[in-house]
There are 2 protein chains.
Amino acid sequence: MARSRRPTLADIARRTGFSVPTVSMALNDKPGSRIADSTAKLIKEAAAELGYVADATARSLRTGRTATIGFISDEVTVTRFAAGMLRGLLETAEQRDHSVMIAEVDHHPERIARALGILRSHRVDGLVLGMMTGREIALPAPEGAEARIVLNGISEGWPAVGPDEFPAGQAAVRHLLERGHRRIALIGRHPERALPSVSTNIPVRLDGIDDATAEAGLRFTAEHHGDVWEPELGFRGAHAVLDAAPDTTAILAVNDRVAFGVLQAAAERGLCVPADLSLISFDDEELATMVRPQLTTLRLPYREMGEVGAGMLLDAVTSGAALPAERTLLPLELIERDTVQTI
Amino acid sequence: MARSRRPTLADIARRTGFSVPTVSMALNDKPGSRIADSTAKLIKEAAAELGYVADATARSLRTGRTATIGFISDEVTVTRFAAGMLRGLLETAEQRDHSVMIAEVDHHPERIARALGILRSHRVDGLVLGMMTGREIALPAPEGAEARIVLNGISEGWPAVGPDEFPAGQAAVRHLLERGHRRIALIGRHPERALPSVSTNIPVRLDGIDDATAEAGLRFTAEHHGDVWEPELGFRGAHAVLDAAPDTTAILAVNDRVAFGVLQAAAERGLCVPADLSLISFDDEELATMVRPQLTTLRLPYREMGEVGAGMLLDAVTSGAALPAERTLLPLELIERDTVQTI
DNA sequence: ATGAAAGCGCTAACAG
DNA sequence: CTGTTAGCGCTTTCAT
């Protein structure tokens, strides 16, 4: 039953007796052009009857704009953080009447170049590169003139949006301090300071942590290093740290997964969290609310990165203004749940 | 420095002295048309020098095909399962030289209709609707002639791909049976059989479970009902079930999150999994490998749904053949980890 | 083996 | 207020 050909402006024009441009104007009702209200109504009715939907490819060819932004991710669609970033992006894009074309890449530069080329061939109005881990990355020289932005990571020549890690690190320490903790252990510092190509975010987070402890004239009771931030590290780290400094009252874990491991170790030692041991971490992934007690943690603003990134990009696209050269930093919010207790 | 205008076929034509159609032919090197190898080479070199990328909007306008498929999800981008489905889709699409345009919707039919309209205006060659939960849903009558498919869910008039729940339910029971368990408890059956608009998958899974137990002449030692499949249910369920039937040797949990709760309850009771209590569940979400012991579970084929769905869709798009009217069912794989022990 | 002409569906510029 | 003309960049006849 499907009409073999979809209706075009010409169909509506024929049906109503007006010309094609008139139909076009009426349907787009721009403020400037004055089409008689009566004809506009007629035309719209006809369009609705025919089930007309404008052909975006034709429109784009003519206007040079596609109302589409491209999203490339280095595996972000495959991780627990993808959701927020993509969702923020999609929502903002949709609110501002833009569609999103998505391409997945791995870490290989040639794959990224390929994805960039494909998106460019589709004439996207702007490009968003979302990175799962905050790393520095070498991107192909931005040849086209499209607006572009990188989320979470850093790349030479690309405007960027990322999490504001330094104050977050401070906040975590201060939260513990304010609740009376003076004997704090840290789990998850890199064995050596990470290269920017490996991580740009966590080292800054640790700088913030160190800054706040130094300011309070404090040293950690113990530290357990590591750079594979999975539960295993927290599990072993908690045992190590608690063996070394049994009077520790609070543990600062570099992320939620590590904190999860800490929780298991604490249970094994017969320690009750938070009565016997407080715990604070970073990320606020779904896991944080699945465990009991639920984790007090600093939420990484993935969703906001998507929203703000898309917003800035679309501002630039719309106004033609340049994107800020400075990296835009978004705060991590402290989510107080059940793992920190005042002593 | 950016060239204000991107290079077109005409630019290459001017530069090489050939005509625009010749350049087009040479660049697309179709089997049929015979362009001299020498000129093809010349043209390709020129194209590369200019950094030419074909304008997809122009091409689409002319050919009527966009080499793009649309993906709509009812919140799938926001859940733990999104990753696999989206990734399978993206990979298959990319392998077959198609791009993906994505739109996020909630459950409101009018939102879906809107997304459908937008994607249709972009003239996508095919439509994939991915649903997070396997439900039956009423979709706007498919007006356009584009190929379409629904993943995980069911909708009148839409070809579908979904998980093969019945044999998976059987397999879970049989796995326990084969390992000597005869005293099994079940956690997570709906209080009453779910409506298709709520869930089409889990009830079938339970049918499979019931079928295999009946076949073995077995009854569950105890059951704990519920339809909010979160850890809390498993936690309370395990306690209830173990209180009611302390001789239970294995628990069948309706999903991993529930199993996670079971693990916590077992620990609380001083029960060691799997030595004192075996446990099997469904989904294989990331959580399954984060807990210790790691969960033995039946993996939901989200990624495969994406792959197979995209594959079928693209077959239809390419060949013009119709998609199968039958729902295509994909197996759940049993992932043996550490929560089931032979007794 | 290559060129000339036409047209996909739309919008912008200019008449009237 | 509305119609005419033109053209975005590409591919597809049809000539040569």
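Note that the coordinates shown come from a computational prediction; the quantities given were computed from them, not determined experimentally. Reminder, nothing fancy here: chain letters follow the sequence lines and each chain counts from 1.
For the residue pair His98(B)/Thr68(B), the side-chain donor-acceptor check at 3.5 Å is not satisfied. Between the side chains of Thr57(A) and Ser60(A), no donor N or O sits under 3.5 Å from an acceptor N or O.
dG9(D) atom P lies 13 Å from atom CD1 of Ile12(B), rounded to whole Å. Here the P atom of nucleotide dG9(D) and the CG atom of Leu50(B) are 14 Å apart, to the nearest Å. Separating the CG atom of Leu61(B) from the P atom of dA6(C) is a distance of 18 Å, rounded to the nearest angstrom. One atom, CG of Leu9(A), and another, P of dC10(C), lie 4 Å apart when rounded to the nearest Å. The CE-C1' distance, from Met25(A) to dA12(C), rounds to 8 Å in whole Å. Atoms CZ (Arg65(B)) and P (dC10(D)) sit 18 Å apart, rounded to a whole Å. Atom pair His122(B):NE2 and dG9(C):C1' shows a separation of 15 Å (rounding to whole Å applied). Between Arg123(B) atom CZ and dC10(C) atom P the separation is 8 Å, expressed in whole Å.
Taking side-chain N and O atoms only, Ser24(A) has no distance below 4.0 Å to OP1 or OP2 of dC10(C).
The side chain of Arg59(A) lies closest to dC10(C), out of dC10(C), dC10(D), dT2(C). With distances taken from any side-chain atom of Thr22(A) to the nucleotides dT2(C), dT11(C), dG3(D), the minimum falls on dG3(D). Picking from dT11(C), dG9(D), dA4(C) the nucleotide with the shortest atom distance to the side chain of Asp55(B) gives dG9(D). Distances were taken from every side-chain heavy atom of Pro21(B) (C-beta onward) to each of dT2(C), dA6(D), dA5(C); the shortest belongs to dA5(C).
Comparing Ala36(B) and Thr57(A) along DNA chain C, the residue whose closest nucleotide (by nearest heavy atom) sits nearer the 5' end is Ala36(B). Comparing Ala58(B) and Ala40(B) by the nucleotide of DNA chain C whose heavy atom lies nearest to each, the residue mapping closer to the 5' end is Ala40(B).
With respect to Lys44(A) and Glu49(A), no salt bridge is recorded, no charged nitrogen being found less than 4.0 Å from a carboxylate O.
Rounded to the nearest 0.5 angstrom, Glu91(A) CD and Arg303(A) CZ are separated by 4.5 Å.
Under the 4.5 Å side-chain criterion, counting only non-hydrogen atoms from C-beta, Phe18(B) is in contact with Ile43(B).
Nucleic acid contact for Ser19(B): base, since at least one base atom lies under 4.0 Å from a heavy atom of the residue. As judged by a 4.0 angstrom heavy-atom cut-off over every strand, Ser60(B) is placed among residues making no nucleic acid contact.
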